[in-house]
Every structure is written in C-alpha cells, then in structure tokens.
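Scroll down for the structure; my scribbles are underneath it.
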Protein chains: 2
Amino acid sequence: MRNPAELTDAFRAKGWKVTPQRQLLFRLLHDTDRHPTADALFVEASGQMPGISLRTVYQTLNDLVAMDELHVVNIGGSTRFDPNTAAHQHAVCSACGTIRDVYLSGVDGLGVAEVDDFHPQRTRITVTGVCGRCADLTPTRRPTGSHHKENQQ
Amino acid sequence: MRNPAELTDAFRAKGWKVTPQRQLLFRLLHDTDRHPTADALFVEASGQMPGISLRTVYQTLNDLVAMDELHVVNIGGSTRFDPNTAAHQHAVCSACGTIRDVYLSGVDGLGVAEVDDFHPQRTRITVTGVCGRCADLTPTRRPTGSHHKENQQ
DNA sequence: CGCCTAATCTGCACGAGTTGCGAACTCGCA
DNA sequence: TGCGAGTTCGCAACTCGTGCAGATTAGGCG
Ligand SMILES: [Mn+2]
Ligand SMILES: [Mn+2]
Ligand SMILES: [Zn+2]
Ligand SMILES: [Zn+2]
C-alpha cells in the first residue's frame, strides 16, 4: 500500500474525499507486515478516534481493495487484509493463526502459463504449518491439538 | 476421497454408524473433480433424498475433513470442499467462480523448506484469472466487469 | 428376530461476519 | 461562506455455519 500522502492524492484524483477516518486507516495500514481483520483495525482505530464506525472501516478497506492498494487473504474465518502488495507468499500457523510474509525461491519456475484455456492474473501460494513459537509451546506433541488463538497477525 | 465402500469400513472402524445420509454423500462426493459448497451438496442430495437436513450435510462434511478424506478450499464466500486429496493446485475464475484442478510443473522447486523457524505441513497454490468460457463471453473487455455467477464448480 | 442404547438426524435458535439502507453530516470547490 | 456530492454512522438484514435438544435409528447382543 502506498503511503498516506500518496493515497490522499489518489483518492482526490478520483474525486473522493479524504476524511479523518480514511487518513487514520491510511496511517494504520501503511508500512506494516501484519494481516489484520476489519475488526482488529476497528479496535486499533477506535483507540485513536473513539466513535469511528466499524461500517466505515469496512467501507474504506473495500475501497482500498478495489484500488488494489490492499489485498485480501482468505484462510478461513474472517477476511484478512494485506497492505503488502509486492509479490510474496504466506506462511500460516495452523495453531495460532499467525500469517507471516515469506519470499519463496523457485516461484518463477512454476508452470502457471501452461494452464490451458485459462488467462492467469495472479498466483497465490500459502504454506500452512506450525510456527516456531507454537512448536516450542507444545514440544513433541501434535501441534494442532491445543488451539491457542492469541497473538495472531 | 476414498470410495463409498472404503469409507463405510473406515467409519465402522471408528465405531461410527453408516447411515443412508452418509452413504448418499459418499456417493455424491466420490470420484468427482468439483469443489461444491455445503449448500450445493445439500441441493443435490435433496434430489435423491428429500428431507435430508442441511445440518447433516455440514456434519458429514466436517467429519470427512477431520478424517482428511476431504480438503477445504477458501476462496472467499462459502467454504468449498475438495474430494481430490492428491497433490494438486487450483485455477479459480474471478468472473464465474469456477475452481478447476490443475497440476502445475515446478512445484517441487519451491523453497518451502527454507522458511525458517517454521514447520511446513502443506503448500496451497491458487492461480486466479479468467477461464476460457468467461473470456469468450466478454471479448476484448475487462472480464471481471459483468459478474455472472452461474455454473461455478 | 426384537431390544436397547449410543450415535445420528433434524429443526431451530443463535452467533459471527459482512453488507444494504437512509438520515445526518462534512469535505472541498465555487 | 454556501452548496452538494460524497461520506459517515447506526441499525436492520443477510449469509454462512454451529450449538442444542428432542425424535429417530444403526447395529451389536441375547
Ligand atoms: Mn502478506
Ligand atoms: Mn481440487
Ligand atoms: Zn503459531
Ligand atoms: Zn469463468
């Protein structure tokens, strides 16, 4: 996602207004590697702007997605939003739900172009597994067993 | 997913009953390359067994997923279920929502093992784009524009 | 073959996540 | 400074999936 100043210009260029609510979300989303849900952002935003509506958060996120400034990540449960629009992949911990950006090698070698009768636009790669912290918490056990859902990003 | 007879044995081996509802779903799911939603299966099943409950369809699907006989596919919207448990990837049409199994080359070359402080279990690859049929229906246009949601599998 | 009971099915209520809607508000231009 | 298109907000509505409890049944046993 571009920085708040650039987004301000981009919104104005479309004849859209740049409200305090939008500016706040621009700031919260810029230059992070997290993958928050709409509600997580709503909670964060509420800290700095009490009274902001969850509806507005959804609205702005949808706008940013439509502008391709934000990507959506579907891993089940509520939608995650990804401000990192550079080509990258995701490592998802099945125990705690954390999503981490990873940059796998060998992605170019995928035979995506050879899918016939299909016009590819984007390739998404998600590696599910267990993160180091969860592996430490449940040593020598099935890591999916105790599902502690805290700290996911 | 294994065939109905094998699933029958697997269920009995766990002390679970093999009801007509379950047998029907075993049949509907076996040896297909579709990726139906719970509701789509419910509609199909209702044709052959009027009165079957959507709740039962969900229940059975969840059981099969827990047994790893069925995989879930998250592409936004309702959960899709995948009876093809062999290693493969998906091509998703952004216009009609159809999910097609594809077998990309070069998957082994992905540097999945090198993700550090992470224990990988499974890698999911999804190519989004526009299928041939949708490309034909909207020639020389942005294919996402008119969203005709029929016929997705 | 009929009994018994744990397992299952069904219908409904409920919860989470997201969107539609309309009245009130406000950014930004004239 | 005033105007109006665009925006926000609150709430109702909607979709998808699950919890619950009473009715039903598969399938082991005598
Ligand atoms: Mn990311
Ligand atoms: Mn598949
Ligand atoms: Zn973890
Ligand atoms: Zn299509």
Side-chain angles (χ1 to χ4, degrees), chain A residues 4-5 7-26 28 35-46 48-67 70 72-81 97 147 149 152, chain B residues 4-5 7-26 28 35-43 45-46 48-67 70-81 97 147 149 152:
Chain A
L7 289 174
T8 296
D9 292 347
F11 269 61
R12 293 238 169 89
K14 297 181 129 225
W16 294 1
K17 295 179 179 175
V18 178
T19 64
Q21 290 88 343
R22 285 177 173 173
Q23 294 179 52
L24 172 54
L25 289 167
F26 292 172
L28 291 180
H35 304 82
T37 61
D39 193 67
L41 280 166
F42 169 64
V43 170
E44 250 186 288
S46 296
Q48 299 191 34
M49 184 185 284
I52 190 175
S53 163
L54 175 58
R55 191 68 186 80
T56 299
V57 174
Y58 271 109
Q59 212 119 264
T60 301
L61 290 174
N62 288 343
D63 290 341
L64 288 168
V65 169
M67 294 171 70
L70 215 49
V72 304
V73 180
N74 293 305
I75 56 165
S78 40
T79 303
R80 308 301 201 88
F81 295 87
H147 33 71
K149 290 275 179 183
Q152 60 238 45
Chain B
L7 289 173
T8 295
D9 293 345
F11 269 61
R12 294 239 170 88
K14 297 179 134 237
W16 294 1
K17 296 179 179 174
V18 178
T19 62
Q21 291 88 347
R22 284 179 174 171
Q23 295 179 51
L24 172 55
L25 289 167
F26 293 171
L28 290 180
H35 304 81
T37 62
D39 193 67
L41 280 166
F42 169 65
V43 170
S46 296
Q48 301 193 32
M49 185 184 285
I52 189 174
S53 163
L54 175 57
R55 190 69 184 80
T56 298
V57 174
Y58 272 110
Q59 212 118 263
T60 302
L61 290 175
N62 288 344
D63 290 341
L64 288 167
V65 169
M67 294 171 69
L70 215 52
H71 287 173
V72 303
V73 181
N74 293 305
I75 57 166
S78 39
T79 303
R80 309 300 202 90
F81 295 87
H147 32 69
K149 291 275 181 183
Q152 62 239 44

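Just so it is clear, the values below take in all heavy atoms, side chains as well, and ignore hydrogens, waters and symmetry mates. Naming: A, B, ... by sequence-line order, numbering from 1 per chain.
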Walk me through whether B:Thr79 and B:Val73 qualify under side chain to side chain contact (heavy atoms under 4.5 Å, CB included). CA-CA 6 Å; B:Thr79 303; B:Val73 181; over 6 Å; no
Output, in order, the C-alpha distance, side-chain angles, deciding distance and verdict of side chain to side chain contact (heavy atoms under 4.5 Å, CB included) for A:Leu61 and A:Leu25. CA-CA 8 Å; A:Leu61 290 174; A:Leu25 289 167; 5.6 Å; no
Decide yes or no on side chain to side chain contact (heavy atoms under 4.5 Å, CB included) for B:Leu28 and B:Gln48, but give the supporting numbers first. CA-CA 10 Å; B:Leu28 290 180; B:Gln48 301 193 32; 3.8 Å; yes
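Of all the heavy atoms in A:Ile52 and A:Ser46, the pair that sits closest is CG2-OG, 3.8 Å. In plain terms, the two heavy atoms of B:Gly97 and B:Ile75 that are nearest each other are O-CD1, 4.3 Å. The heavy-atom pair separating B:Phe42 from B:Leu54 by the smallest distance is CE1-N, 3.4 Å. Closest non-hydrogen pair, A:Phe11 versus A:Met67, comes out as CE1-SD, 3.4 Å. Nearest heavy atoms, A:Ala38 versus A:Val57: O-CG1, 3.7 Å. Closest of all the heavy-atom pairs between B:Ala45 and B:Leu24 is O-CD2, 3.6 Å.
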Distances under 3.5 Å only, N/O to N/O: pair up the protein atoms with those of nucleotides 14-18 of chain C.
{"from": "C:dT18", "atom 1": "OP1", "to": "A:Thr79", "atom 2": "N", "distance (Å)": "2.8"}
{"from": "C:dT18", "atom 1": "OP1", "to": "A:Thr79", "atom 2": "OG1", "distance (Å)": "2.8"}
{"from": "C:dT18", "atom 1": "OP2", "to": "A:Tyr58", "atom 2": "OH", "distance (Å)": "2.5"}
{"from": "C:dT18", "atom 1": "O5'", "to": "A:Tyr58", "atom 2": "OH", "distance (Å)": "3.4"}

Atom pairs under 3.5 Å: protein N/O with N/O of nucleotides 22-25 of chain C:
none

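If you take CG of A:Asp63 and P of D:dT7, they are 7 Å apart, rounded to a whole angstrom. In this entry the distance linking CG of B:Leu41 with P of D:dG17 reads 12 Å, nearest Å. Rounded to whole Å, the distance from CE on B:Met49 to C1' on C:dC9 is 11 Å. Look at CG on B:Leu61: it is 15 Å from C1' on C:dC9, rounded to the nearest Å. Taking atom CD of residue B:Gln23 and atom P of nucleotide C:dC9, one finds them 11 Å apart after rounding to whole Å.
A sub-4.0 Å separation between OP1 or OP2 of D:dT8 and a side-chain N or O of A:Ser53 is absent. Contact annotation: A:Arg55 side-chain N/O to C:dT19 OP1/OP2 distance is not under 4.0 Å.
At a non-hydrogen distance threshold of 4.0 Å, B:Arg12, B:Lys17, B:Val18, B:Pro20 from residues 9-20 of chain B come into contact with DNA chain D.
Residue B:Arg80 holds its CZ atom at 13.0 Å from CG of B:Leu70, rounded to the nearest 0.5 Å.
A rotation axis mapping the C1' atoms of four pairs onto the next four is fitted at both ends of the helix from C:dC1-D:dG30 to C:dA30-D:dT1 over five pairs, and the angle between these axes is 20° to 10 degrees.
For the side-chain contact (heavy atoms from CB on, under 4.5 Å) test, residues two or more places apart in sequence or in another chain that qualify with B:Ser78 are B:Thr37.
Within the structure, the side-chain hydrogen bond (donor to acceptor under 3.5 Å, both in side chains) test picks out the following pairs touching residues 55-67 of chain B (sequence neighbours left out): B:Arg22-B:Asp63, B:Arg55-B:Gln59.
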